[in-house]
Amino acid sequence: MTNPEEEKVTEKKSLNFIEAKVEEDLSKGKNGGRVQTRFPPEPNGYLHIGHAKAICLDFGIAAQHGGVCNLRFDDTNPTKENMEYVDAIKEDIQWLGYQWGNEYYASDYFQQLWDFAIELIKRGKAYIDEQSSEEIAAQKGTPTQPGVESPYRNRPIEESLDLFHKMNNGEIGEGKMVLRAKIDMANPNMHFRDPIIYRVVDTPHHRTGSKWHAYPMYDFAHGQSDYFEGVTHSLCTLEFVVHRPLYDLFIDWLKEIRGEGDNMDDNRPRQTEFNKLNLNYILLSKRNLLILVNEGLVSGWDDPRMPTICGFRRRGYTPYDALNDFALMESAIREDLNATATRVAAVVNPVKLVITNYPEGQLEEMEAINNPEDETAGSHKIAFSRELWIEKEDFMEDAPKKYFRMTPGNEVRLKNAYIVKCTGCKKDENGEVVEVYAEYDPDTKSGMPGANRKVKGTIHWVSYERCLEAEVRMYDRLWKVENPRDELARLQNEGKTSLEAMKEMMNPNSLEIRPVCYVEEFLADAKPLDHFQFQRIGYFTVDKDSTSNHLVFNRTVALKDTWAKTM
RNA sequence: UGUCCAAUGGUGUAAUGGCAGCACAACUGACUCUGGAUCAGUUAGUCUAGGUUCGAAUCCUGGUUGGACAACCA
């Protein structure tokens, strides 16, 4: 489904920019001619469409240069991470069509990172601080003001060494002490102001259990992990630009300690940043997605309205669409499914149509083309009878001039069947239309010469006697606002919590369940993730909740509807 | 009164000193047994003021606007 040529389209500028660097390094003979990347998720949530971009780049760059891309879980915070996320992340990457080389974990390097930290303390480049987080934060200064040095900054090395061991064997409670790198409290880059590199966490780790109590911070683990693995090109988002000098410094120190000081420039990860994905009507903050899930505002991480990979999958997107062009996903999925989805008839807002001059009890098998865009797709049969279900919207008693559907005196074509003339309707005591009447012209059956008459409108239908009941879930965008991230920030400034703000921003029509719809019998054997076009309505996929007794379809995306626009 | 990053039609982008192009969206029309698809066409852009240059979206300077950075998160 995906190949490197396709991915090139996704982020041409960034990719060329990154590619240029890779080629330059290759031409200089750096890294012994190796190209190695990695995709480094934290297993604390499900992958979303923003990660898909990173996956494309990480795997794509490696593949294009004959290199390898490994999967590394940056699992340095046991309070948020677990194996459920590890498994889901792996499944999603594979669904996207990628296969990593090795599977690594930052926790694999805890010993090496510990040894490195010990060495830094011994060399006077790190110290134990026992101030509160508030005190440390206050001393950090601001981006425009230099910070103040900690009173513990110059404590004896032996003391720090001893306390660091105590941090790790459980003698020191959480929040009581941290290990800080001794760099420069006045540096304009905040990350250089004696960053915390180790803290105490008493929650057991999902892989290392209770072996460790002192855990490295991300900034002390990420760059070194890349280095330990031999990563040559470390791709990440723009927000990490300011972290890069710190990572470089740690690698410098590590190289010196390892006696590679004469070879500082080669065989070390080179970080290149790319722009984060930002899509209209989509919120990609993991923290807030987690709130949506935990508070039950959506049905789970794979709710078809979620911007997660598994959400898109359940919604009916294909890996191709998710990767082809993020910004144009709706257009991409229509183009894709237009070419591939089997056309079927489904009535999602039913009203009965009676063909009054069609013999009672008679049944005909009509031929239905599976896909007019693909001659090789063949056709299937659909049952036609005197009584049919049609859409309520396809009948109007008093219709405007440009209305081409059922209205008394008007002719319409029943798709794949006959041309009929509307004769009227029956209403209940509330004035609600309960039955529509029409007469058919027996000479106009599809395929017969008489069918070639010009008729303005064609409507879809299913047989009243020969159809299946189905639940149809009409999904729409989750948010009312175009920039949910900005709106969320605005509402939070007004003092609202994330949850309150998200409730306010949610599109009340993001899910409309139609419990009783009718679909043609052809769909009896449809399997989850099969794609169909419900003619004149949209593209639908079979939900994982669907059973042969209770069919459930999810709307992937509606067909374009120029009529609705002119209304 | 910091450091870093960025600014091209409504949206996403291409052009790396040499004709501002593409896609999506929108709008016309044609065609159509899906008011879909398809086809043809239209509208619409280099943040700003200088400078360098034969020539600037591109290089330089100032300004404006937006973003990132002050978690014992990643």
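A, B, ... follow the sequence lines: proteins, then strands. Residue 1 opens every chain.
- Distance A:Ile282 CD1 to B:U11 P: 17 Å, rounded to the nearest Å.
- B:U48 and B:G66 are spaced 15 Å apart, taking the C1' atom of each and rounding to whole Å.
- Atom C1' of nucleotide B:G10 and atom OH of A:Tyr281 are separated by 12 Å, given to the nearest angstrom.
- Spacing between B:C73 and B:A37 at atom C1', rounded to whole Å, works out to 48 Å.
- Closest to the A:Val178 side chain, of the nucleotides B:C72, B:A70, B:C69, is B:C72.
- By the side chain to side chain donor-acceptor pair (under 3.5 Å) test, A:Asn338 pairs with A:Arg343, sequence neighbours left out.
- Residue A:His191 contributes atom NE2, which lies 13 Å from atom P of B:A68 at whole-angstrom precision.
- Atom P of nucleotide B:C72 and atom NZ of A:Lys80 are separated by 12 Å, given to the nearest angstrom.
- Within the structure, every pair that satisfies the salt bridge (Lys or Arg N to Asp or Glu O under 4.0 Å) test and touches residues 212-226 of chain A, not counting sequence neighbours, is listed here: A:Arg38-A:Asp226, A:Arg72-A:Asp226.
- Listed by chain and number, the residues in a side chain to side chain donor-acceptor pair (under 3.5 Å) with A:Tyr418 are A:Glu364 (sequence neighbours excluded).
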Under the rule of Watson-Crick or G-U wobble with both distances under 3.5 Å, where | means paired to another strand and [ ] a crossing pair, RNA chain B maps to .((((((..((((....[..)))).(((((.......)))))....(((((..]....))))))))))).....
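- Judged as a ring-ring contact (aromatic ring centres under 6.0 Å, His included), and not counting sequence neighbours, A:Phe39 has no contacts.
- Among the protein residues, A:Val241 comes within range of the sugar-phosphate backbone only, with heavy atoms under 4.0 Å from sugar or phosphate atoms but none that close to a base.
- One P atom belongs to B:U52, the other to B:G12, and the distance between them is 35 Å to the nearest Å.
- Under the 30°/60° scheme for interplanar angles, the aromatic rings of A:His243 and A:His191 are found to be tilted.
- Base engagement by A:His243 is indicated by at least one non-hydrogen atom pair under 4.0 Å involving a base atom.
- Comparing A:Met190 and A:Phe240 by the nucleotide of RNA chain B that holds the closest heavy atom to each, the one mapping nearer the 5' end is A:Met190.
- Comparing the P positions of B:G9 and B:A15 gives a spacing of 16 Å, expressed to the nearest Å.
- Ring geometry, A:Phe522 versus A:His380: the interplanar angle falls under 30°, so the pair is classed parallel (tilted spans 30 to 60°).
- When heavy atoms are screened at a 4.0 angstrom cut-off, A:Ser331 is found touching the sugar-phosphate backbone but no base atom.
- For the P atoms, the distance from B:U16 to B:C4 is 26 Å, rounded to whole Å.
- Applying the salt bridge (Lys or Arg N to Asp or Glu O under 4.0 Å) test to residues at least two apart or on different chains, the pairs with a partner in residues 187-200 of chain A are A:Arg153-A:Asp194.
- Rounded to whole Å, atom C1' of B:C72 lies 12 Å from atom CG of A:Leu179.
- At a non-hydrogen distance threshold of 4.0 Å, A:Gln131, A:Ser132, A:Ser133, A:Ala137 from residues 127-137 of chain A come into contact with RNA chain B.
- Here the separation of B:U38 from B:C31, taken at their C1' atoms, is 8 Å to the nearest Å.
- A:Asp194 places its CG atom 13 Å from the P atom of B:C72, with the value rounded to the nearest Å.
- We find that CD1 of A:Ile333 is positioned 21 Å from P of B:A23, with the value rounded to whole Å.
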Protein-to-nucleotide contact annotation, 5' to 3' order, nucleotides 32-42 of chain B [B base; S sugar-phosphate only; - none; under 4.0 Å, heavy atom]
SBBBBS-----
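- Side-chain contact between A:Val472 and A:Arg555 is absent, with no heavy-atom pair separated by less than 4.5 Å.
- In this structure A:Phe404 satisfies the ring-ring contact (aromatic ring centres under 6.0 Å, His included) test with no other residue, sequence neighbours excluded.
- With C1' as the reference atom, B:C19 and B:U32 are 39 Å apart, rounded to whole Å.
- Taking only side-chain nitrogens and oxygens, A:Arg485 never comes nearer than 4.0 Å to OP1 or OP2 of B:G66.
- Atom-to-atom, OH of A:Tyr215 to P of B:A74 comes out at 12 Å; the value is rounded to the nearest Å.
- B:G45 and B:U13 have their C1' atoms separated by 12 Å, given to the nearest Å.
- For residues 452-463 of chain A, the salt bridge (Lys or Arg N to Asp or Glu O under 4.0 Å) pairs, not counting sequence neighbours, are A:Glu411-A:Arg453, A:Asp441-A:Arg453.
- By the neighbour-count criterion of 12 heavy atoms within 6.0 Å, atom NZ of A:Lys421 is sparsely surrounded, having that number or fewer from other residues, nucleotides or ligands.
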Give every donor-acceptor pair under 3.5 Å between a side-chain atom in residues 170-177 of chain A and any protein atom, sequence neighbours left out.
| residue | atom | partner | partner atom | Å |
| --- | --- | --- | --- | --- |
| A:Glu171 | OE2 | A:Asn169 | ND2 | 3.0 |
| A:Glu174 | OE2 | A:Asp202 | N | 2.6 |

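- Scanning for ring-ring contact (aromatic ring centres under 6.0 Å, His included) contacts around A:Phe395 gives an empty result, with sequence neighbours left out.
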